[in-house]
Enquirer: 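Could you have a look at this structure, given as C-alpha cells, before my questions?
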Amino acid sequence: MVALGLGAAVVFTNFASAAVPEATGEQVVTESIEVSGVFDGANKRFIGGGALGDGGQDEGQDALFELADGATLQNVILGSPAADGVHCSGSCTISNVHWEDVGEDAATFRGTNATVLIEGGSAASGTDKVFQDNRGAGGSVTIRDFEVSDFGKLYRSCGNCSTQAARTVTISNIIATAPGGTLAGVNTNLGDKVTLDGITIVGDDISLCDRFEGNDTGDEPTKIGEGPDGTSCVASNVTGP
C-alpha cells in the first residue's frame with residue numbers, strides 16, 4: 001500500500017460541465033493508494049497494473065484509491081483498467097474525478113454515519129453500477145454537478161448486504177446520456193430515499209429510479225417498481241425524453 005495524506009484545507013468549485021480534462025501525465029498503480037487528508041492529482045491519469053490491471057467485472061477487486069474517513073480525492077482521471085475505482089471507508093469527498101472507463105464500480109461507500117459528497121466529474125462505460133452504497137446507518141450521499149454516459153446504474157443502495165440500513169441520497173444537476181439503465185436503485189422496504197433534482201436526460205429513455213425489496217441474505221433483490229413514488233423516490237426538474 002502507498003500512504004498519501006496531502007494538504008489540509010481546500011476550496012471546492014462546482015462543475016456544471018464535466019468534460020474530461022486533458023491528462024497532465026499518467027501513472028500505473030499496482031498497489032492501492034491510501035489517502036488521508038487531501039490528495040490532488042492535478043488531472044493526472046491513473047491506471048491499474050499488476051493485480052489491479054485485470055479490468056474485469058469480478059466482485060472483490062481492490063481499489064486504485066483507498067480513502068480514509070474524512071479524506072478528499074480531487075482532480076484525478078481514472079483510465080482503463082480502473083479495478084474497483086475508489087473505496088471510501090467512511091465520510092469522504094470526491095471532487096472533479098473522471099472515470100474514463102468504469103471498472104467493477106467507480107466508487108464504493110462504507111462506514112456508519114458516513115457523509116459522502118461527489119461533486120463535479122464524470123463517468124463512462126459503467127457496465128453495472130457507478131456508485132455502490134454499502135454504508136451502515138446514518139449519514140448521506142450527495143452526487144451533484146456530474147455527467148454519466150453508457151451505464152447501468154448511476155447509484156445503487158446495496159440490495160443484499162449482510163448489514164442493511166435505510167440510506168439517503170440526493171442526486172442533483174446531472175446530465176445522463178444514453179445508453180443507460182437507471183439513475184438510482186433503492187430498497188423501498190428498508191426505508192431508502194433518493195431525491196433527484198435538475199436531471200437532464202440525453203438520448204433514449206433512462207429510468208429515474210428502480211425500486212427493490214432489499215435483503216440481508218445475499219440473495220438477488222427483487223425489483224418491485226420503477227419511477228418516482230413520492231416516498232422512496234422523489235424527482236423534480238427533469239428534462240429529456
Side-chain angles (χ1 to χ4, degrees), residues 5 8-10 12 14 32 34-39 59-60 63 65-74 84-95 97 104-121 123 129-146 153-174 182-198 208-219 221-222 224-225 228-236:
V10 63
F12 295 114
N14 289 339
S32 299
E34 291 190 342
V35 179
S36 60
V38 177
F39 178 82
E59 296 289 338
F65 290 92
E66 290 276 359
L67 274 55
D69 187 20
T72 293
L73 181 69
Q74 62 184 29
D84 202 26
V86 178
H87 289 175
C88 291
S89 62
S91 296
C92 67
T93 297
I94 299 175
S95 180
V97 172
E104 182 186 352
D105 299 318
T108 302
F109 315 131
R110 301 186 174 97
T112 301
N113 293 318
T115 299
V116 175
L117 172 62
I118 311 292
E119 58 176 3
K129 303 172 294 293
V130 177
F131 298 122
Q132 174 69 37
D133 191 357
N134 296 345
R135 295 174 304 118
S140 63
V141 171
T142 299
I143 305 167
R144 67 189 185 202
D145 307 312
F146 195 83
K153 299 178 181 68
L154 174 60
Y155 166 91
R156 179 63 169 110
S157 175
C158 184
N160 56 7
C161 285
S162 59
T163 300
Q164 291 286 34
R167 303 182 181 102
T168 300
V169 57
T170 299
I171 301 175
S172 62
N173 193 17
I174 301 296
T182 186
L183 292 181
V186 293
N187 307 306
T188 302
N189 62 313
L190 300 178
D192 288 351
K193 181 176 181 180
V194 56
T195 301
L196 302 112
D197 181 58
L208 293 176
C209 52
D210 287 349
R211 292 175 273 116
F212 294 87
E213 183 172 338
N215 64 73
D216 59 5
T217 64
D219 294 336
T222 302
I224 58 176
D229 62 356
T231 303
S232 58
C233 178
V234 177
S236 59

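When reading the values below, keep in mind they use all heavy atoms of this one structure, side chains included, and skip hydrogens, waters and symmetry mates.
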Enquirer: Would you name the heavy atoms of A114 and R110 that are closest together and state the gap between them?
Expert: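 So the minimum-distance heavy-atom pair works out to CB-O, 3.7 Å.
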Enquirer: Using every non-hydrogen atom in the two residues, find where C209 and P228 come nearest and quote the distance to one decimal.
Expert: SG-N, 3.5 Å
Enquirer: Which pair of non-hydrogen atoms, one from S36 and one from A71, has the smallest distance, and what is that distance?
Expert: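 For S36 versus A71, the nearest heavy atoms are CA-CB, 4.1 Å.
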Enquirer: Assess the residue pair R211 and V186 against the criterion (side-chain contact (heavy atoms from CB on, under 4.5 Å)); give the C-alpha distance rounded to whole Å, side-chain angles, the decisive distance to 0.1 Å, and a yes or no.
Expert: CA-CA 5 Å; R211 292 175 273 116; V186 293; 4.3 Å; yes
Enquirer: With S162, which residues qualify under side-chain hydrogen bond (donor to acceptor under 3.5 Å, both in side chains), at least two apart?
Expert: none
Enquirer: Test of understanding: with side chain to side chain contact (heavy atoms under 4.5 Å, CB included), list the residues that count as partners of N160, not counting sequence neighbours.
Expert: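 If we apply the side chain to side chain contact (heavy atoms under 4.5 Å, CB included) test to N160, skipping adjacent residues, the hits are C158, N215, P221.
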Enquirer: State the CZ-CD distance between R144 and E119, to the nearest 0.5 angstrom.
Expert: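 CD of E119 is found 5.0 Å from CZ of R144.
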Enquirer: Does any non-hydrogen side-chain atom of V97 lie less than 4.5 Å from one of F65?
Expert: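 No, their side chains stay 4.5 Å or more apart.
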Enquirer: State which residues pass side chain to side chain contact (heavy atoms under 4.5 Å, CB included) with A107; sequence neighbours excluded, sorted by chain then number.
Expert: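 Residues passing side chain to side chain contact (heavy atoms under 4.5 Å, CB included) with A107: V86, I94, W99, F109, F131.
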Enquirer: Can you name the side-chain hydrogen bond (donor to acceptor under 3.5 Å, both in side chains) partners of D133, sequence neighbours left out?
Expert: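 Partners of D133 by the side-chain hydrogen bond (donor to acceptor under 3.5 Å, both in side chains) criterion, ordered by chain and then number, come out as R135, Y155.
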Enquirer: Using 0.5 Å steps for rounding, measure from the CZ atom of F212 to the CD1 atom of I224.
Expert: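 Output value for this atom pair is 9.5 Å.
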Enquirer: Under the side-chain hydrogen bond (donor to acceptor under 3.5 Å, both in side chains) rule, collect the residues that match up with T108, sequence neighbours excluded.
Expert: none
Enquirer: Any heavy-atom pair between the side chains of V35 and E66 that's under 4.5 Å?
Expert: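 E66 does not reach V35 side chain to side chain.
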Enquirer: Side-chain atoms of residues 189-196: list all donor-acceptor pairs with protein atoms under 3.5 Å, sequence neighbours left out, distances to 0.1 Å.
Expert:
unit_1 : atom_1 : unit_2 : atom_2 : d
N189   : OD1    : G214   : N      : 2.7
N189   : ND2    : G214   : O      : 3.0
D192   : OD1    : R167   : N      : 2.8
D192   : OD2    : S157   : OG     : 2.8
D192   : OD2    : N187   : N      : 2.8
D192   : OD2    : N187   : ND2    : 3.2

Enquirer: If you look at every heavy atom in T115 and G139, which pair is closest and at what distance?
Expert: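 For T115 versus G139, the nearest heavy atoms are OG1-CA, 4.1 Å.
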Enquirer: Which value, rounded to the nearest 0.5 Å, describes the distance between L154 atom CG and I171 atom CD1?
Expert: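 Nearest 0.5 Å value for the CG-CD1 distance: 5.0 Å.
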Enquirer: Testing the basics here: between L208 and L183, what is the closest heavy-atom pair and its distance to 0.1 Å?
Expert: O-CB, 3.4 Å
Enquirer: Regarding D69 and S89, do their side chains bring together a donor and an acceptor under 3.5 Å, going by distance alone?
Expert: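 Per modelled atom types, D69 and S89 side chains form no pair under 3.5 Å.
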Enquirer: Mind checking the CG-OG spacing from L67 to S91? Nearest 0.5 Å is all I need.
Expert: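 If I round to the nearest 0.5 Å, the distance is 11.0 Å.
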Enquirer: Of all heavy-atom pairs between V116 and G90, which one has the smallest distance, and what is that distance?
Expert: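 So the two residues come closest at CG2-O, 4.2 Å.
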Enquirer: For the residue pair T93 and Q74, establish whether any side-chain heavy-atom pair is separated by less than 4.5 Å.
Expert: no
